[in-house]
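All remarks here apply to the structure that follows.
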Protein chains: 2
Amino acid sequence: MRIGELSKRSGVPARMLRYYEEQGLVTPRRLDNGYRSYDEHLVDRVGKIRGLIDAGISTRIIGDILPCLDRPQTIVVTDPHPELREVLLQERDRMTQKIDILVQNRDSITRYIKAMDSALGVVAEKTAS
Amino acid sequence: MRIGELSKRSGVPARMLRYYEEQGLVTPRRLDNGYRSYDEHLVDRVGKIRGLIDAGISTRIIGDILPCLDRPQTIVVTDPHPELREVLLQERDRMTQKIDILVQNRDSITRYIKAMDSALGVVAEKTAS
DNA sequence: CTGAACCCTTCCATTAGTGTGAAGGTCAAT
DNA sequence: ATTGACCTTCACACTAATGGAAGGGTTCAG
């Protein structure tokens with residue numbers, strides 16, 4: 001498919017798709033006229049990229065971990081240099097840390113909302129009486 | 001305490017502490033000489049801010065949710081306008097979404113690492129034989 | 001008193017991720 | 001053959017987060 005369709009289907013502006021290409025995250029083939037041609041599985045890929053960027057992962061990091069994200073992963077394991085493993089462990093830990101912080105703060109927000117609600121509940125009871 | 005000590009204790013550059021102030025996330029008192037004076041509980045606060053920024057939450061959003069994050073929250077609930085509740089719900093959902101994406105991708109990384117390890121394990125067995 | 005180590009404010013620079021627009025090529029349909 | 005929708009590259013600009021320097025006070029220790 002061409003860039004417009006991918007843009008529509010993934011919800012990502014064409015501008016950004018070109019940017020991701022520039023950053024080495026997607027490398028579409030080119031048609032004879034120079035148009036980019038994406039194949040099907042890149043829809044998912046782009047979705048993943050967007051999610052990760054929204055979650056505060058930089059394109060550089062995403063580039064590092066992308067090989068792990070394409071199913072099935074069992075094919076790509078033929079890379080026995082130990083650098084990669086370290087990078088992945090480190091990035092996994094960073095993600096875990098972000099997750100913990102987000103969970104913790106989200107729960108604080110949830111508690112706060114509940115507190116608001118019960119406070120308003122009291123008010124409602126009083127005004128109803 | 002003054003900015004240098006807070007910087008050391010929180011691990012956040014003084015430059016950034018001034019920036020957070022500019023964004024309305026912390027408002028230290030001022031000494032007679034104009035120096036910023038932070039009190040104890042801001043150490044935690046700054047830590048939280050850093051965590052959230054690292055997790056991809058913008059200072060604008062952080063400003064919105066900060067009131068929920070200071071323990072104990074029960075004091076601050078005296079704000080019965082319904083706008084805030086919507087904002088909080090929305091932000092909580094965004095955080096949940098980020099969490100889901102991070103968890104999912106972290107698990108992919110973990111699986112990939114395991115696959116690498118078992119592949120290398122096979123190699124090790126072969127070379128050992 | 002002087003120097004070191006703080007602190008202040010005010011700029012300017014950089015990077016990443018975006019938005020937007022110009023100037024032009026391709027292509028299908030009228 | 002022209003129109004309109006799509007594509008190309010290039011470029012300029014914006015925001016958020018951050019780094020850093022310049023120029024100038026304050027405090028304290030020697």
Side-chain angles (χ1 to χ4, degrees), chain A residues 1-39 42-43 45-66 91 94-95 97-98 101-102, chain B residues 1-39 42-43 45-66 91 94-95 97-98 101-102:
Chain A
M1 85 199 68
R2 287 174 303 170
I3 202 172
E5 190 184 343
L6 177 57
S7 174
K8 252 168 231 155
R9 289 181 51 188
S10 64
V12 177
R15 171 68 175 86
M16 285 300 102
L17 295 175
R18 299 198 185 94
Y19 177 67
Y20 299 157
E21 179 177 356
E22 190 182 307
Q23 303 303 309
L25 305 184
V26 282
T27 38
R29 280 171 290 103
R30 294 299 182 126
L31 303 176
D32 293 352
N33 52 14
Y35 289 10
R36 290 167 179 82
S37 171
Y38 300 86
D39 44 64
L42 291 181
V43 180
R45 177 121 154 190
V46 168
K48 246 169 215 167
I49 294 173
R50 268 261 41 105
L52 287 168
I53 286 185
D54 285 346
I57 311 288
S58 72
T59 53
R60 210 212 102 255
I61 305 288
I62 295 175
D64 288 349
I65 67 179
L66 256 190
E91 226 40 63
R94 276 205 231 286
M95 290 176 86
Q97 198 177 326
K98 288 187 186 190
I101 286 169
L102 287 173
Chain B
M1 81 201 71
R2 287 176 304 172
I3 201 171
E5 190 185 342
L6 177 57
S7 173
K8 251 168 232 154
R9 288 180 52 189
S10 65
V12 176
R15 172 72 176 82
M16 283 299 102
L17 295 176
R18 300 198 186 95
Y19 176 67
Y20 299 157
E21 179 178 357
E22 191 182 307
Q23 303 303 308
L25 305 183
V26 282
T27 38
R29 277 170 294 103
R30 294 299 183 126
L31 302 176
D32 292 351
N33 53 14
Y35 289 12
R36 290 168 178 82
S37 172
Y38 301 86
D39 44 63
L42 290 181
V43 179
R45 176 121 153 189
V46 169
K48 245 170 217 168
I49 293 173
R50 268 262 41 103
L52 286 167
I53 286 185
D54 285 345
I57 311 287
S58 71
T59 53
R60 211 212 105 253
I61 305 289
I62 296 176
D64 287 349
I65 66 178
L66 256 191
E91 227 41 63
R94 276 205 231 285
M95 290 175 86
Q97 198 178 326
K98 287 187 186 188
I101 286 169
L102 287 173

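Lettering of chains follows the sequences in order, A, B, ..., and the numbering in each one begins at 1. Below, all heavy atoms of this structure are taken into account, side chains as well, without hydrogens, waters or symmetry copies.
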Which is true for B:R60 with a 4.0 Å heavy-atom rule: it touches a base, it touches only sugar-phosphate, or it touches nothing? nothing

Please state whether the phosphate of D:dA17, meaning OP1 or OP2, lies under 4.0 angstrom from any side-chain nitrogen or oxygen of B:Y19. yes

Take atom CD of A:E21 and atom C1' of D:dT9, then tell me their distance rounded to the nearest Å. 12 Å

Please work out if A:L31 contacts a base, only the sugar-phosphate, or nothing of the nucleic acid, heavy-atom cut-off 4.0 Å. nothing

Under 4.0 Å protein heavy-atom contact, by nucleotide of nucleotides 20-27 of chain D - B base, S sugar-phosphate only: B----BBS

Does some side-chain heavy atom of A:M1 sit less than 4.5 Å from a side-chain heavy atom of A:D39? no

Salt bridge or not for A:K98 and A:E91, using N-O below 4.0 Å? no

Start and end of the DNA chain C segment that chain B contacts, any atom under 4.0 Å from a heavy atom: C:dC6 to C:dT9

How many Å lie between CZ on A:R18 and P on D:dA11, as a whole number? 15 Å

Evaluate B:E21 against B:R30 for salt bridge (charged side-chain N to carboxylate O under 4.0 Å, His left out), listing each step before the verdict. CA-CA 12 Å; B:E21 179 178 357; B:R30 294 299 183 126; 3.3 Å; yes

Under 4.0 Å between a Lys/Arg side-chain N and an Asp/Glu carboxylate O for B:E22 and B:R18? no

Is A:R36 salt-bridged to A:E5, going by a charged N under 4.0 Å from an acidic O? no

Main-chain N/O of A:I3 paired to A:S7 side chain as donor or acceptor, under 3.5 Å: no

Between B:I57 and A:K8, who's closer to the 5' end of DNA chain D by nearest nucleotide? A:K8

Looking only at non-hydrogen atoms, find the nearest pair between A:V26 and A:L17 and report the distance. CG2-O, 4.1 Å

Check residues 52-64 of chain B and write down every donor-acceptor pair under 3.5 Å in which the side-chain atom is one partner and the other belongs to a residue at least two apart or another chain.
residue, atom, partner, partner atom, Å
B:D54, OD1, B:R50, NH2, 2.5
B:S58, OG, B:I61, N, 3.3
B:R60, NH2, B:D64, OD2, 3.0

